[in-house]
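Any value given below was found using the heavy atoms of this structure, including those in side chains, with hydrogens, waters and symmetry copies removed. Source: prediction; values computed, not measured. Each chain gets a letter, A, B and so on, in the order its sequence line appears, and its residues count up from 1.
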2 protein chains.
Amino acid sequence: MAAARRSPRLKDVAEAAGVHISTASRALNERTAALLNPQTLERVRETADGLGYRVNGMARALKTRRSLSIGMVVPDITNPFFPPTVRGAEDVLDRAGYSLLLSSTDNDMGKARRQVAAMLESQVDGLLLAMALRDDPLVTELRSGGAPLVLVNRTIDRGGVSAVVPDDFHGALEAAEHLYALGHRRLAFVGGPLATSNGARRRASFDQTVARLGLKEVAALEAVAFDEDAGYATAQDLLTRHPRITGVVAGNDLLAIGIIAAAAERGLACPQDISVVGFNDMLLAGRLQPPLTTIRIPQYDVGARAAELLMSLVDDPDRNPETVLISGELVIRGSTAAPRAAD
Amino acid sequence: MAAARRSPRLKDVAEAAGVHISTASRALNERTAALLNPQTLERVRETADGLGYRVNGMARALKTRRSLSIGMVVPDITNPFFPPTVRGAEDVLDRAGYSLLLSSTDNDMGKARRQVAAMLESQVDGLLLAMALRDDPLVTELRSGGAPLVLVNRTIDRGGVSAVVPDDFHGALEAAEHLYALGHRRLAFVGGPLATSNGARRRASFDQTVARLGLKEVAALEAVAFDEDAGYATAQDLLTRHPRITGVVAGNDLLAIGIIAAAAERGLACPQDISVVGFNDMLLAGRLQPPLTTIRIPQYDVGARAAELLMSLVDDPDRNPETVLISGELVIRGSTAAPRAAD
DNA sequence: TGTCTGCCGGCAACCGTTTGCATCGACGCT
DNA sequence: AGCGTCGATGCAAACGGTTGCCGGCAGACA
């Protein structure tokens, strides 16, 4: 009749059940329920159900200093690498009773800062950062900052913080060797920004591998981003400056797509005229035209492992930092082939 | 020397600045800052900065009854439709000062319930639901439940709740007419679950369109999900039962991919032997083999509009429910062509 | 019947903010 | 000189829970 009270509080449940509010609290809390007389317990629980009681998470979090939420910041959820990663993280967090606060930064440092600040304000119990630079001031701030932190996909040069990243070194090595094994001798690398760990490590691995193989005609370029447009633009450059290149290892699948597009525009068919190997094996990579040969990184696992690591860090903040390498494997599809015989 | 206090509270700032805690609160709050003497204001702000003060969002939320967070639940973030949608939502929410609590339900009703409950517990100010069934008990519970709600991508049959959905009817119509215009006369529809609004509406539109066009040899099948596997399985069925079909409109792009795969397995090339049109124009749809002819739905806009609608609902909970239709357009690529002449 | 032992459940402080209201001094006006 | 006004700040009560501590009561035991 009167204006309906917005929603029942613990106090309402307690009164309805004829117990003290603290008893009601204990009844509704797994951990403390054992303290109560079974009958009281049941009575409280039933009235709680009857009233449609729902604990106020903020009040609880305020008191317990645990929000049961963790924040994850990715550069761009629209980049196919991230959805499976987010999914992996979310699955393990969910299982641990945590919620996921997600944010895309659009590769904008300022936005990232603001988002992280907002997450910290909302008292996240931990942070999953998937956008670190090799020397990232934000990360250094955060390290001592407060919430447990684990880096995802990219890490920083100086250690000291937990991270879950793909095995960039081994991946790029496999990619280059695959091309070599097919008969390619003039290789190029079109990688992502060197300011990122995966940009730098894949590049270093490529350099080292071609040197080891004794290849002379090689080129290595840095795209401004890990996306299709950057791949296209960088490949334009590559193809004019090094027209004799027959095989290229790309920094990731999106770059590979851009590279293939740039090549096509110059009349170079993939894989007939030029072979390209990607990195990640993103969703649908095998359905593309041509199906992408690539280094498969189990993206779901990256996210899942990162979340697991974070959970253990939340439980024990003094745990030593640890970085886990997720290894990939070459999957051969249609974007690589032996170079033309005449070549 | 002593154990560092975890992190400064408002009280600490107030003491350091030599003012009362309430004054400090007002200084740090845009809305109330004008009440203060400019000098006091500055002094408080400086000491707050100096101490690295960061407001405790939970305490604030508890008091103000506003968490500045909204929850979004999608069936599967890994489905390419959703990342852009989430991105759109996140962008407008961010601009409005809100954070995004995201959750994938894996199309599991139980999980969805739990996730929504968790979100409600954490006092989200609103809910973006992207997994509604046409007759969804969860939605009806939520309607009167508490937080403002807007449905995304899928809606319910009985109105009464705000929603932002693609113009399914017009989309499917255009798809069918496109095939007709190419010369196809034996059409099939492989749609998603009829329990979803887009499953049902696209199907209804298809039925109606082929009837209007006077087509006799038609078939319409329901896949169990909106994914590639379901498309593949359903197409198997379709192709054995209706081998003379030459054009199929798919419930979405993923289904289209599965259909094309199933056809290929029977030696039917797309588009030479069979034309397929998708729905959504997901990321990379144009790079597939073959490039997909599809109905482009601006996925980013769907999310963005939904978030805008939700924001206005948050500001005025008594606002009337409203459903906005996002219209799509046919984009013709390589998966459709005229049927074989002999046909 | 008196004391001891345990089990239950009440008491009240506290988590960190916000905010309506009261206070207080200064100032202008008559 | 008295009074109303007004700007600036302090006071204290919430917001909705959790939890260490304590007291009461029942049963056991002597």
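Residue Leu62(A) contributes atom CG, which lies 17 Å from atom P of dA13(C) at whole-angstrom precision. Atom CD in Glu30(B) sits roughly 13 Å away from atom P in dT18(C) (whole-Å rounding). Between Lys11(A) atom NZ and dC15(D) atom C1' there is a gap of 12 Å when expressed in whole angstrom units. Between the P atom of dC14(C) and the CE atom of Met58(A) lies a distance of 23 Å, rounded to the nearest Å. Counting to the nearest Å, the P atom of dC15(D) and the CG atom of Asp12(A) are 11 Å from each other.
One finds a side-chain N or O of Arg31(B) lying less than 4.0 angstrom from the OP1 or OP2 phosphate oxygen of dT19(C). The side chain of Arg60(A) places an N or O atom within less than 4.0 Å of a non-bridging phosphate oxygen (OP1 or OP2) of dT18(D). For the pair Asn29(B) and dT18(C), the criterion of a side-chain N or O lying under 4.0 Å from OP1 or OP2 is met. Applying the 4.0 Å criterion to OP1 and OP2 of dT18(D), one finds that Arg65(A) has every side-chain N and O outside that range.
Residue-level contact check: Arg66(A) touches neither bases nor backbone, having no heavy atom under 4.0 Å from any strand.
Closest of all the heavy-atom pairs between Tyr98(B) and Arg66(B) is OH-NH1, 3.1 Å.
Every residue was checked against the side chain to side chain donor-acceptor pair (under 3.5 Å) condition with Thr23(A), not counting sequence neighbours, and none meets it.
When each of Ala59(B) and Thr32(B) is assigned the nucleotide of DNA chain C bearing its nearest heavy atom, the one mapping closer to the 5' terminus is Ala59(B).
Taken to the nearest 0.5 Å, the OG atom of Ser103(B) stands 9.0 Å off from the CZ atom of Arg114(B).
Within a 6.0 Å radius of CD in Glu322(B), other residues, nucleotides and ligands contribute more than 12 heavy atoms.
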**Fill in**
Nucleotide by nucleotide, nucleotides 8-14 of chain D touches protein heavy atoms under 4.0 Å in the pattern (B base, S sugar-phosphate only, - none) SSBBB-B
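The shortest distance between side-chain heavy atoms of Lys63(B) and Leu62(A) does not fall below 4.5 Å. Contact of the Phe81(B) side chain with the Val74(B) side chain is not registered, since no non-hydrogen atoms from C-beta on lie closer than 4.5 Å.
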